[in-house]
Amino acid sequence: MLSQLYIENIAVIEKTGIDFHEGLNVLTGETGAGKSIVIDSINAILGVRTSRELIRTGAHSANVTAIFLNIGEQAVRQMNELGYAPEEDGSVMIQRELHMDGKAVCRINSRPATVSVLKAIGPFLINIHGQHESYDLLSPDLHIHYIDRMGVPEDLIQSYQDAFEAMNEIKKKLDSTQMDEAQKARQIDLLAYQIQELEAADLRAGEQEELNQTRTRYLNMEKIVDSVNTAKAALHGDENSEGALAAVSAAAGALAEAERYYPELHELTERITNIQYELEDCGDEIRNLTDGLEYDPGELDRIETRLDVLYRLGLKYGSTVEEMLAFLENSKKQLEDIQLSDERTAQLTKKYNERKAQAEKYAEEISACRKKTADAFVMKVKKELCFLDMPNIDFKVEQERCELNSLGCDKLQFLISTNPGEPAKPIAKIASGGELSRIMLAIKTVLADKDDIDTLIFDEVDTGVSGSAAQKVGLKLREVSRNRQVICVTHLPQIAALANTQYLIKKHVKDNKTFTNVTELDFEGRKQELARIMGGSQITPLLLQNAEEMLEMAQKQE
């Protein structure tokens, strides 16, 4: 359950801590005092998208910390899948910091986390029912999920969705093979021409680079010959000089002669001699180069022609030979697919029909489960609505067949009739705000044992409710709270009196600044608050007496 909630710099709340307890926890206070801020803070640690406008005026950041105790197995599994785990004592601390620059810092048990991780874990910790959720009842597309949650096996739904997805994947492939004969003929002609043109070019990977290198060498052959001849003359000499090789040979011979009388010259003599040998090798290679520097001018023309062919092909099929070869292979594959399209279409059609039959089989099983579940669901919801002072309401689940979709072959919606003898119609056309709240509470009660979420939050579920109906809503909330923690925001004394724990959210102004505090009330405090709810600012002894009687009566009902 949610054990502790610490809020700092959220809207008008500067700093406050709330210790929640088991059973029914009720939050009361005047309109605008900040009850919704507490819910917004809880939403923040559940990963709900927030705005920096939530940060208290004048503050640079805000912080919400929540501590949960003894979380359910589903929540533990979800945490483990995301790489987190409860502490040794079973507690989980979730923190979220909001900053004015838009940055958000999240932690789970002091370990860094992301908002998406909080959002993934949050639904397994707390189920929040607000006024907006009542309006989910106005969307028939969402009704099917209530029935599935109550009685359709998850593995059956998953099997159907896998089959349906496989069916759709094959359908996409099948659709891609479909084209009319004229289009097919045009495509075959185009692909055949492209393949013939590329194959005729006899492309070879790396050819373009080799040709460019050879072309560059031929275009600069005069410079290459002059430079090689200059190097040759520098080594071997010409009519004007003996050359470097002769000079180094003379130096080596002279040092060898001197070494006979001065042995310390041996190392230097050896080095000069090695240089002589290296220069002789270089001279031989230069002679060989000189012999091979002739070329056929016609070869340059052939290279230019070939490069021009590759350039023109590149404009259509890719800037490099490798890209052109890839285009060629892809064109061959496309042509083969088209030529074999009839055979491929037949194969895909067979596979599609097999997957569709499998999906239809699962859809039929799901539909049967939904019919059986809907009957039980209607009976239980009617029972709850009767308790909530709606005995004359007729509640039905309309189930119609439809084409296969991601949810199966059913279209479901909830119908009600608020007056005996009148036909049931869609909820959106009949239900008032108060009726929506009670219908949703009835559904929540029916589905309460279908998950192990131990904390339910009802934000103003009493909208449009008064009198004995309010009393019944309070009793139902209290009944639900026997097996799990319930936190409720309310404006009604009938509901507040039935709480196991009551908190007062109060706003005050100091130094032109607004502050909100949350206080856990004792018996006397609850008397005062109930009297205020019943009578407004004028609290009379009679109101206090009525409040005390309500609290005492609630205690006797435990």
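We number each residue from 1, following the sequence as shown. Hydrogens, waters and symmetry mates are skipped; everything else that's a heavy atom, side chains included, is used.
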Participant: Just checking K356: does its NZ atom have more than 12 heavy atoms from other residues, nucleotides or ligands closer to it than 6.0 angstrom?
Facilitator: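 Atom NZ in K356 is not packed in, count stays at 12 or less.
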Participant: Would the distance check show the side chain of T540 and the main-chain N or O of L543 forming a donor-acceptor pair, the cut-off being under 3.5 Å?
Facilitator: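 Checked: pair present.
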Participant: When you measure from the side chain of T373 to the backbone N and O of C369, does any donor-acceptor pair fall under 3.5 Å?
Facilitator: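 The answer is yes, because a donor-acceptor pair under 3.5 Å joins these two groups.
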Participant: Which atom pairs, donor and acceptor, lie under 3.5 Å between side-chain atoms of residues 3-19 and protein residues at least two apart or in another chain?
Facilitator:
residue : atom : partner : partner atom : Å
Y6      : OH   : E8      : OE1          : 2.9
N9      : ND2  : S61     : O            : 3.4

Participant: Aromatic ring centroids of F164 and Y362 under 6.0 Å?
Facilitator: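 No.
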Participant: Any side-chain heavy atom of Y160 sitting closer than 4.5 Å to one from V152?
Facilitator: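 Side-chain contact under 4.5 Å: no.
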Participant: Indicate whether any N or O donor in one side chain lies under 3.5 Å from an N or O acceptor in the other, for Q485 and S481.
Facilitator: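 The answer is no; no qualifying pair exists.
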Participant: Considering only heavy atoms from C-beta outward, does the side chain of K396 approach that of S417 to under 4.5 Å?
Facilitator: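 Result no, sub-4.5 Å side-chain heavy-atom pair not found.
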Participant: Between R96 (side chain only) and I45 (backbone N and O only), is there a donor and an acceptor less than 3.5 Å apart?
Facilitator: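 Absent.
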Participant: Q95 versus M93: any side-chain heavy-atom pair under 4.5 Å?
Facilitator: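 Side-chain contact under 4.5 Å: yes.
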Participant: So, using side-chain hydrogen bond (donor to acceptor under 3.5 Å, both in side chains) as the criterion, who are the partners of E548 when residues are at least two apart?
Facilitator: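 Counting only residues at least two positions away or on another chain, E548 forms a side-chain hydrogen bond (donor to acceptor under 3.5 Å, both in side chains) with K527.
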Participant: Could I get the full list of salt bridge (charged side-chain N to carboxylate O under 4.0 Å, His left out) partners for E165, not counting sequence neighbours?
Facilitator: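 Applying salt bridge (charged side-chain N to carboxylate O under 4.0 Å, His left out) to E165 gives none.
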Participant: Answer yes if the side chains of N109 and Y84 hold a donor-acceptor pair under 3.5 Å, and no otherwise.
Facilitator: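 Side chains of N109 and Y84: no pair found under 3.5 Å.
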Participant: May I ask you to decide whether K361 forms a salt bridge with E365, counting only side-chain N to carboxylate O separations under 4.0 Å?
Facilitator: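 Looking at E365 together with K361, the answer is yes, because their closest N to O distance falls below 4.0 Å.
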Participant: Can you find a pair of side-chain heavy atoms, one from V26 and one from I487, that are under 4.5 Å apart?
Facilitator: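 Side-chain contact under 4.5 Å: no.
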Participant: Answer yes if the ring centres of F377 and Y146 are under 6.0 angstrom apart, and no otherwise.
Facilitator: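 Ring centres of Y146 and F377 not closer than 6.0 Å.
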Participant: In the structure I gave you, are the side-chain heavy atoms of L504 and V518 within less than 4.5 Å of one another anywhere?
Facilitator: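 They are not in side-chain contact.
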Participant: Would you mind checking if K411 and D141 are paired as a salt bridge, meaning a charged N to carboxylate O distance below 4.0 Å?
Facilitator: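 Salt bridge flag = no for K411 with D141.
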Participant: When you check the gap from the basic side-chain N to the acidic O, do D410 and R370 get nearer than 4.0 Å?
Facilitator: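 Here D410 pairs with R370 in a salt bridge, since their nearest N and O are under 4.0 Å apart.
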Participant: Is any side-chain N of the basic residue among E384 and K476 closer than 4.0 Å to the acidic one's carboxylate O?
Facilitator: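 Yes, E384 and K476 are salt-bridged.
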Participant: Side chains of K507 and E30, heavy atoms from C-beta outward: is any pair under 4.5 Å?
Facilitator: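 The answer is no; the side chains never approach within 4.5 Å.
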Participant: Within 45° of the axis and under 6.0 Å from the centre of the six-membered ring of F515, does NZ or CZ of K510 qualify?
Facilitator: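 No, a cation-pi geometry is absent between K510 and F515.
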Participant: Quick one: does K472's side chain get under 4.5 Å of Q494's, heavy atoms only?
Facilitator: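 No, side chains not in contact.
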Participant: Taking 4.0 angstrom as the limit, do D522 and R526 come out as a salt bridge?
Facilitator: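 Looking at D522 and R526, the cut-off is not met.
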Participant: Do the non-hydrogen side-chain atoms of K506 and T519 ever get within less than 4.5 Å of each other?
Facilitator: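 In short, these two side chains do not touch, never coming nearer than 4.5 Å.
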Participant: Looking at K172 and E169, is there a salt bridge between them, counting it only when a charged N and a carboxylate O are closer than 4.0 Å?
Facilitator: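 K172 and E169: salt-bridged.
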Participant: Counting only N and O atoms by type, is there a donor-acceptor contact under 3.5 Å from the side chain of R355 to the main-chain atoms of A163?
Facilitator: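 It does not hold such a pair.
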Participant: Looking only at side chains, do Q413 and E398 share a donor and an acceptor under 3.5 Å apart?
Facilitator: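 Note: Q413 and E398 side chains meet the donor-acceptor criterion.
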Participant: Is there a donor in the side chain of E520 and an acceptor in the side chain of H21, or the other way round, less than 3.5 Å apart?
Facilitator: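 The answer is yes; a qualifying pair exists.
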Participant: Pairing donors with acceptors under 3.5 angstrom, does anything connect the side chains of T28 and E529?
Facilitator: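 Yes, E529 and T28 have a side-chain donor paired with an acceptor closer than 3.5 Å.
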